[in-house]
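Here, residue 1 is the first one in the sequence, and each next residue gets the next number. What you are looking at is a predicted structure, and each value in this text was computed from that prediction instead of being measured.
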Amino acid sequence: MIDKKRIYDSLERLTKAPSISGTSDENSVTHVIEELLYEIPYFSENKDMVMRLPIEDDPFGRDVIAAFMRLAPQKADTIILTGHYDVVDVEEFGSLKEDAFDIKKITSKIGELPIDDEARKDLESGDWYFGRGTADMKFGHALSIELMRHFYEEGKLDCNLLYVAVCGEETNSEGMLAAVPFFNRFAKENNLDYKVCLLTECFMVDKEDDGTKYIQYGGAGKVMPMFLCVGKSCHGEEPFLGLDANMLNAEIFKRMHMNPEFCQQNHGVTTAPPAGLKMQDLKVNYSLSSSLYAASYYNIATIKLEPEKLMEMLTDVAFKSFEEVNRILDEKTKAFTAFSKNVPVTYRAEPCVRTFREIFDAAAEKYPGDLNKHMKEYAEELMKENPEMQDTCVKLVKHLYEMQDDKRPMIIVSVIPPYYPDVNIDREDNRTDEMLCAIDRIIKYADDQYGEKLMTSEYYGISDLCYTWLADGMNFDTLFSNLAGSGWFYNFPAEELKEFKVPTLVLGAYGKDLHKYTERLNRHYNFDVLPDLYVKYIEDIASK
């Protein structure tokens with residue numbers, strides 16, 4: 001049976017590993033995960049079923065940890081248990097940051113910091129464990145490992161279990177992007193059929209906590225379009241003879257930032273409008289020349305956004321922005337002429353919009369060698385100087401423009417990482433139907449057995465769930481081919497994602513204040529109720 005004390009002991013051991021995203025410590029918890037797995041007799045006797053999968057070209061030497069438990073040797077049916085092992089930093093803890101990874105210490109000391117009334121009430125109740133990673137999401141791993149032990153000891157599950165712990169979810173989901181090809185390969189090598197994927201994160205709520213717990217499926221996504229604007233440089237005292245790239249960039253910002261045309265509605269949910277994340281011109285030093293290059297990129301939240309339509313909308317924004325700049329310049333020229341009684345010599349560029357793929361192809365025609373190899377090496381140099389992927393993408397697109405022959409002013413449209421596709425479940429798929437029916441039964445069971453009110457929610461937030469099912473009937477190729485940096489420093493498994501389709505849900509743990517110093521995990525629900533719900537749910541899916 002499920003051992004609550006063992007779950008807590010595992011949670012303590014996992015939490016003590018300071019696996020902060022994007023640091024040399026992130027991988028520290030993988031050794032603890034391995035230790036816990038090998039304490040299960042099945043894995044101590046079948047060590048080859050615990051797999052350490054290094055992330056290719058990873059600057060932090062991180063690994064994905066996978067463990068396969070074949071409980072039904074004659075069956076292909078397999079349930080995935082997964083979650084991320086990285087956590088956000090502890091700077092917010094201030095004077096207590098040295099204790100942030102020790103559940104007992106930080107729970108006893110957190111009241112020394114200024115905490116809000118709700119956190120204070122939870123602390124005084126004694127029913128909450130504080131500490132970085134307790135809720136987000138070391139508990140999910142402690143539970144997953146205990147579930148595997150339980151089903152091995154019971155020996156009755158008519159299904160196999162595959163546990164996968166990934167890194168980087170708090171940064172760019174490097175772990176899940178590396179896991180997708182593994183999932184596909186492992187299924188083929190072992191003749192497996194993935195029935196459902198259980199993401200053991202905490203559930204998310206957008207409203208005041210009323211005691212309701214949530215089961216969430218489907219995933220909200222995000223896409224970040226980037227516009228590189230190329231003008232025509234001129235002397236600052238002769239502005240009519242050039243085209244300042246900042247003018248193009250400014251018009252794009254006006255059309256992109258908070259534009260409701262990019263919002264979507266589905267299942268009663270409406271996405272927020274796009275937000276400008278960064279605007280910059282690329283002049284390094286002062287000079288009396290106008291800016292030749294400028295760039296900006298934007299966040300677009302997605303729940304049902306057709307990738308092909310998105311690219312059309314983005315190129316349309318770019319073209320209309322270029323046209324508007326020419327109109328404004330004509331207006332200013334006319335006003336200057338009226339003022340000075342002198343008609344200035346002017347420069348006007350025909351509006352020109354190109355996509356990242358078009359610029360790459362143009363550069364490839366001219367480049368004498370392997371352009372992909374060159375760009376990968378160049379990207380690696382840039383990432384060593386500054387590991388921020390977005391700035392690297394700006395420089396990569398600029399480099400490609402400079403390598404090709406067409407030096408006209410233009411706007412180049414690309415998508416930059418990280419990219420998270422939205423996930424809408426396919427209700428026509430038999431596995432999805434089984435998942436939803438089992439959810440209905442577990443909601444009833446939770447109410448009957450524990451008096452707990454569970455509800456479903458169509459969308460989970462941006463997470464690794466986004467990489468579990470690309471929407472059918474949509475063309476992702478145009479977007480994927482314009483994803484700057486893909487294959488150079490951003491290992492985005494475009495083709496593998498088309499193949500990996502598994503209905504996924506978050507049967508969530510109950511936590512609060514994720515990413516804050518008051519992060520905490522509820523004792524009663526997570527230890528007394530949730531493990532049993534997982535057991536019943538897994539047994540239900542396995543029986544089908």
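- A distance of 12.5 Å separates CZ in Arg132 from CD1 in Ile103, rounded to the nearest 0.5 Å.
- No side-chain donor-acceptor contact under 3.5 Å links Asp422 and Tyr459.
- Using a 4.5 Å heavy-atom threshold, the side chains of Pro225 and Met256 count as touching.
- Side-chain atoms of Asp86 come within 3.5 Å of backbone atoms of Glu170 as a donor-acceptor pair (strictly under, hydrogens ignored).
- In this structure the side chain of Leu521 reaches within 4.5 angstrom of the side chain of Leu11, judged on heavy atoms.
- A donor-acceptor contact shorter than 3.5 Å is absent between the side chain of Thr355 and the backbone of Ser414.
- Here the closest heavy-atom approach between residue Ala72 and residue Leu157 is recorded as CB-O, 4.4 Å.
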**Message:** Determine whether Asp210 and Thr212 satisfy the following criterion, side-chain hydrogen bond (donor to acceptor under 3.5 Å, both in side chains), listing intermediate values before the conclusion.
**Reply:** CA-CA 6 Å; Asp210 62 357; Thr212 302; 2.9 Å; yes
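- The main-chain N or O of Glu496 is found under 3.5 Å from a side-chain atom of Asn184 such that the two form a donor-acceptor pair.
- Listed for the Gln264 side chain is a donor-acceptor partner under 3.5 Å among the backbone atoms of Phe262.
- Within the 3.5 Å criterion, the main-chain N or O of Ala17 finds a donor-acceptor partner in the side chain of Lys138.
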**Request:** Go through the steps for Glu201 and His84 under the test side-chain hydrogen bond (donor to acceptor under 3.5 Å, both in side chains), then give the verdict.
**Result:** CA-CA 8 Å; Glu201 287 258 24; His84 66 90; 3.1 Å; yes
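- Using a 4.5 Å heavy-atom threshold, the side chains of Tyr194 and Thr504 count as separate.
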**Request:** Show the numbers, then the answer: is there a side-chain hydrogen bond (donor to acceptor under 3.5 Å, both in side chains) between Asn424 and Asn266?
**Result:** CA-CA 9 Å; Asn424 287 276; Asn266 202 31; 3.0 Å; yes
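- At distances below 3.5 Å, at least one donor-acceptor pair connects side-chain atoms of Glu26 with backbone N or O atoms of Gly22.
- For Lys544, the NZ atom is densely surrounded, since the number of other residues' heavy atoms within 6.0 Å is greater than 12.
- Between Glu499 and Phe183, every side-chain heavy-atom pair lies at or beyond the 4.5 Å cut-off.
- Put simply, the side chain of Val415 reaches to within 4.5 Å of the side chain of Met311, judged on heavy atoms.
- Annotation: Glu153, atom CD; neighbour count of heavy atoms from other residues, nucleotides and ligands within 6.0 Å is above 12.
- Looking at Met69 and Met49, their side chains never come closer than 4.5 Å, going by heavy atoms from C-beta outward.
- Aromatic ring orientation, Tyr450 versus Tyr445: perpendicular (interplanar angle above 60°, classes split at 30° and 60°).
- Checked against the 6.0 Å centroid criterion, the rings of Phe139 and Phe527 qualify as a close aromatic pair.
- Using a distance-only test at 3.5 Å, with no hydrogens or angles considered, no donor-acceptor pair links the side chain of Tyr163 to the main chain of Val50.
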**Message:** Under the criterion salt bridge (charged side-chain N to carboxylate O under 4.0 Å, His left out), I'd like the reasoning laid out for Lys121 against Asp117: C-alpha separation, chi angles, the key distance, then a yes or no.
**Reply:** CA-CA 6 Å; Lys121 180 181 176 182; Asp117 292 343; over 6 Å; no
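- For Thr78 (side chain) and Ala76 (main-chain N/O), a donor-acceptor pair under 3.5 Å exists by modelled atom type.
- Screening residues 460-475 for salt bridge (charged side-chain N to carboxylate O under 4.0 Å, His left out), with sequence neighbours left out, gives Asp472-Lys501.
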**Request:** Go through Tyr129 and Tyr8 one step at a time and tell me if the ring-ring contact (aromatic ring centres under 6.0 Å, His included) criterion holds.
**Result:** CA-CA 10 Å; Tyr129 298 123; Tyr8 176 79; 5.0 Å; yes
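- Taking the six-membered ring for Trp and thresholds of 30 and 60 degrees, Tyr467 and Tyr420 have ring planes inclined between 30 and 60 degrees apart.
- Side chain of Ser19 to main chain of Tyr85: a donor-acceptor pair is present (N/O by atom type, distance under 3.5 Å, no hydrogens or angles).
- With Thr15 contributing its side chain and Glu12 its backbone, the two residues share no donor-acceptor pair below 3.5 Å.
- A cation-pi contact, defined as under 6.0 Å to the ring centre and within 45° of the axis, is absent between Lys213 and Phe203.
- Around atom NZ of Lys222, more than 12 heavy atoms belonging to other residues, nucleotides or ligands sit under 6.0 Å away.
- A side-chain donor from one of Thr270 and Gln265 sits under 3.5 Å from a side-chain acceptor of the other.
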**Request:** Assess whether ring-ring contact (aromatic ring centres under 6.0 Å, His included) is satisfied between Phe480 and Phe492, documenting all intermediate values.
**Result:** CA-CA 9 Å; Phe480 287 170; Phe492 188 80; 5.2 Å; yes
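- Between Val502 and Val196, the closest heavy-atom pair is CG1-C, 3.7 Å.
- For Lys498, the NZ atom counts as densely surrounded, since its 6.0 Å shell holds more than 12 non-hydrogen atoms of other residues, nucleotides or ligands.
- Taking every heavy atom of both residues into account, Ala135 and Gly511 meet most closely at CB-CA, 4.0 Å.
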**Request:** Start with the C-alpha distance between Asp391 and Lys278, add both sets of side-chain angles, then the distance that settles salt bridge (charged side-chain N to carboxylate O under 4.0 Å, His left out), and finish with yes or no.
**Result:** CA-CA 10 Å; Asp391 282 351; Lys278 190 170 185 177; 3.2 Å; yes
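- The shortest distance between side-chain heavy atoms of Leu533 and Tyr525 falls below 4.5 Å.
- Annotation: side chain of Met148 is not in contact with side chain of Tyr42 (no heavy-atom distance under 4.5 Å).
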